Amino acid sequence: MRLSRFYLPVLKETPADAQIASHRLMLRAGMIRQEGAGIYAWLPLGFRVLKKIEQIVREEQDRAHAVEMLMPTIQSADLWRESGRYDAYGKEMLRITDRADREMLYGPTNEEMITEIFRAGVRSYKDLPKMLYHIQWKFRDEIRPRFGIMRGREFLMKDCYSFDVDEESARNSYNKMFVAYLRTFARMGLKSIPMRADTGPIGGDLSHEFIVLADTGESAVFCDKGLVDMDVPAKTTDFDSDLQPVIDQFTSLYAATDEMHDEKEFETKVASENRISARGIEVGHIFFFGEKYSAPMKAVVAGPDGGDINVQMGSYGVGVSRLLGAIIEAYHDEAGCKWPMPVAPFHVGLVNLRVGDEACDAACAKLYAELEAAGVDVLYDDTPARPGEKFARMDLIGLPYQITIGPRGLGAGEAEVKDRHTGEKSNASLDDVAGEIAAKVKAALDYA
RNA sequence: CGGGGCGUAGCGCAGCCUGGUAGCGCAUCUGGUUUGGGACCAGAGGGUCGCAAGUUCGAAUCUUGCCGCCCCGACCA
C-alpha cells in the first residue's frame, strides 16, 4: 500500500479525552474516530488490525471444531420474552421499534437466538455435540463507556455457543474453548490468565475469565506467578482428545478476579514471592450454564430412550475489538505502537526519504515490488514529507520493521532496517534486504 | 444513575470573573529556501463561540432550559 493513497490521519497532539495509552495511540495513529459516546468508526489502519485479530480468533475457533455462522444484529423482543430476559436485561439493552411498532432490539448477546436456531434444526442426541459461533457487532448501552474501544457501547465480539447432551459432554466443549482461548491470545502476543469467575445462579466451577495483565486494566486480579510462565497448548493439540489435564494444569494455581478473590486462600496456597496482585483486562469469558435457556425455550433433543432431554449449553465470548486495546497496552512506548507481527496492520514500513529523487524512487519501487511479491504487507511512505515527520509517523503506527532508503545509504548500496520492538538499526545491502526481511516476517508469523 | 468537569477554526487551548462583535500554537493552502528524527521566511484561507430562549442599546461573556462529551463510583467482551 502506498501511503499517498491510504487514509492515515495522524495527530501530532494528544487528544484531550484520551486517558490511557491505547486510546491515545489509536486516536493519534489514525486507527479510530469517535462518533459518539462509546461508538467508534474504524479507520483503515485500525480496521486492518481488527481484521487480523478477527482472523486469528476464527482460526482457533475452527481448530476447536466450532462452526462459523452469522446472526443478525437486530432481534425481536418476543424471542427474549421466551427466556424471560426481555424485562430482566434492563437499560443496557437498546430497544427499538420498527415502522409497524414491533418491538425490536439491537442484540447485546445471542443466547436466545442461537437457542431458537438450534432447536429448529436438531432433534436427536445423535446430532450432538455442536458448537456454533459468529463474530458480530454487539451493542450494550453501557452506563459508562470509557477508555476508547476498551469499553465501547458498540463492539465486535466473537460469541460461541455449545450444545451437549449431558454435563460431562458439556465439560468437553468447555475445555475445547478453554484451550482455544489460551492459544488465541498467545498468538497475538498476549499472556492471558484464566481466572475463575462468578458463575451466577447456576453455580459450579465452570466459568473462567481470561485476563491480560495490564496496569490500566479495569479489574483487580490476584494470581500465582507460575501461571504467567505456563506454556500454552501447541498447534498440534488434538481437540478430540481429553483436554482435562490441560485445564487442570491451568486451574491448579490460584487465580481470581477481585469479586472471586479469597485473600486467606491466596495466602495459604501461594508463596508470598509468587503472589501477583495486579490489574487486568478481561478479553474473554467462558461459561457453562446448563439448561438456563434450553429449558424455558424448549430446546430439546430425543435421548436414547426416546424421551426429551434439555440440551446443556455453554457460551464463550471474546472481545475482538477490545483486544486491540489490550495489545497496545502490552506493546507500546513513548513514540507509539509496537505491533506484534501477527496483528500488525502492515508487516513493514518502507520509507523513501527523498521522494522525487530518481535513485531513491527507483530503489524504493524495486524493493516495494520485491517485498510484495514475497508476500510481505508493506506500507510504502511515498509522501513528500520531511524525514523527521516520516520517522515519527512510522514509529507512531508501530509496524514491526522499518526500511529506510535515502541518498546517504543509497550511495553505499544500502538500506537501513529498524526493528520497532528492539529499536535496533542496522544496514542491509539493497540486493538482500527484501529476502532478509521476508524471512524474518515469515518466521514471526509462524506460530506454535 | 449519583458526584465532578468541559463544549470557542481540523487538533490543542486562551478570552468569560469585570458584556463592546474573536485570538494563539499546531495543521492546511500559495511562493521561496530547505531535506537522515516532527524545518525556516513571506503571504493566505478557515469559526452561526454546542442549541434555544431570556436580560441588555449590545452576549462567546450574564440567566434559564435542552443537547453532547469526558472523568470518579456500582455492571460487562
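As the structure is a computational prediction, the values presented were derived from the model and not from experiment. Below, read A as the first sequence line, B as the second, and so on, with proteins coming before strands; counting in each chain starts at 1. All heavy atoms count here, side chains included; hydrogens, waters and symmetry mates do not.
- Residue A:Arg140 places none of its side-chain N or O atoms closer than 4.0 Å to OP1 or OP2 of B:C76.
- Aromatic ring orientation, A:Tyr331 versus A:His421: perpendicular (interplanar angle above 60°, classes split at 30° and 60°).
- Across all strands shown, B:C29 pairs with B:G43; the Watson-Crick or G-U wobble distances both stay below 3.5 Å.
- In this structure, the nucleotide among B:A39, B:G36, B:C26 sitting nearest to the side chain of A:Arg408 is B:G36.
- To the nearest angstrom, P of B:C75 lies 23 Å from NZ of A:Lys138.
- The aromatic rings of A:Phe210 and A:Phe185 lie tilted to each other, with the angle between the two planes from 30° to 60°.
- Note on A:Asp377 versus A:Arg48: salt bridge recorded, some NZ/NE/NH1/NH2 to OD/OE distance being below 4.0 Å.
- Using a 5.5 Å limit on the distance between ring centres and a 30° limit on the angle between planes, the aromatic ring of A:Phe155 counts as stacked on the six-membered base ring of B:A77.
- Computed from coordinates, the A:Gln136 CD to B:A77 P distance equals 15 Å when rounded to whole Å.
- Taking each heavy atom of A:Arg279 and A:Ala220 in turn, the nearest pair found is NH1-CB, 4.0 Å.
- The CE atom of A:Met177 sits 16 Å away from the P atom of B:A77 (whole-angstrom rounding).
- Looking at heavy-atom distances under 4.0 Å, A:Gly148 makes no contact with the nucleic acid at all.
- The salt bridge (Lys or Arg N to Asp or Glu O under 4.0 Å) with A:Asp141 is formed by just one residue from the set A:Arg153, A:Arg95, A:Lys91; it is A:Arg153.
- Nucleotide B:A14: unpaired (no Watson-Crick or G-U wobble partner with both distances less than 3.5 Å).
- Among the atoms of the strands shown, none is found under 4.0 Å from any heavy atom of A:Met394.
- Within residues 411-423 of chain A, the residues having any heavy atom under 4.0 Å from RNA chain B are, by residue number, A:Glu416, A:Lys418.
- Distance A:His285 NE2 to B:C75 P: 14 Å, rounded to the nearest Å.
- Summarising the geometry, the separation between CZ on A:Phe391 and P on B:G37 is reported as 7 Å, rounded to the nearest angstrom.
- Computed from coordinates, the A:Phe185 CZ to B:A77 P distance equals 12 Å when rounded to whole Å.
- With contacts defined as side-chain heavy-atom distances shorter than 4.5 Å, the pair A:Phe288/A:Asp164 does not qualify.
- We find that A:Glu82 and A:Arg119 are joined by a salt bridge, their nearest charged nitrogen and carboxylate oxygen being less than 4.0 Å apart.
- The list of side chain to side chain donor-acceptor pair (under 3.5 Å) pairs with a residue in residues 1-11 of chain A, not counting sequence neighbours, reads A:Arg2-A:Asp382, A:Ser4-A:Asp382.
- Between A:Phe289 and A:Tyr293, the ring-plane angle classifies as perpendicular under the 30° and 60° cut-offs.
- Remark on RNA chain B: of its neighbouring residues A:Arg28 and A:Glu35, the 5'-side contact belongs to A:Arg28, judged by nearest-heavy-atom nucleotide.
- Aromatic ring pairs are classed by plane angle as parallel below 30°, tilted from 30° to 60° and perpendicular above 60°; the pair A:Phe222 and A:His261 is parallel.
- For A:Arg146 and A:Glu218, the salt-bridge test passes: some basic side-chain N is under 4.0 Å from an acidic carboxylate O.
- With a cut-off of 3.5 Å on both Watson-Crick or G-U wobble distances, the partner of B:A59 is given as none.
- The residue A:Gly388 sits close only to the backbone: its heavy atoms come under 4.0 Å of sugar-phosphate atoms, none of a base.
- Remark on RNA chain B: of its neighbouring residues A:Asp17 and A:Ile149, the 5'-side contact belongs to A:Asp17, judged by nearest-heavy-atom nucleotide.
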Below 3.5 Å is the cut-off: list the nitrogen or oxygen pairs between protein and nucleotides 1-11 of chain B, distance only.
{"unit_1": "B:C11", "atom_1": "O2", "unit_2": "A:Glu13", "atom_2": "OE1", "d": "3.3"}

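- Searching all strands for a Watson-Crick or G-U wobble partner of B:G7 with both distances below 3.5 Å returns B:C67.
- Comparing atom distances between the A:Met157 side chain and each of B:G36, B:U34, B:A77 picks out B:A77 as nearest.
- Residue A:Asp395 is in base contact, counting any heavy-atom pair closer than 4.0 Å across all strands shown.
- Nearest to the side-chain atoms of A:Ala37 among the listed nucleotides B:U35, B:C76, B:C69 stands B:C69.
- Taking atom CZ on A:Arg146 and atom P on B:C75, their separation rounds to 11 Å, with Å as the unit.
- The phosphate of B:C72 has neither OP1 nor OP2 within less than 4.0 Å of any side-chain N or O from A:Gln19.
- Using N1 to N3 plus N6-O4 or O6-N4 for Watson-Crick, or N1-O2 and O6-N3 for G-U wobble, each under 3.5 Å, B:G2 pairs with B:C72.
- The side chain of A:Phe147 lies closest to B:C71 when the candidates are B:C76, B:C71, B:G38.
- Residue A:Gly90 is classed as having no contact, given no heavy-atom separation below 4.0 Å to the nucleic acid.
- Taking atom CG on A:Asp381 and atom P on B:U35, their separation rounds to 19 Å, with Å as the unit.
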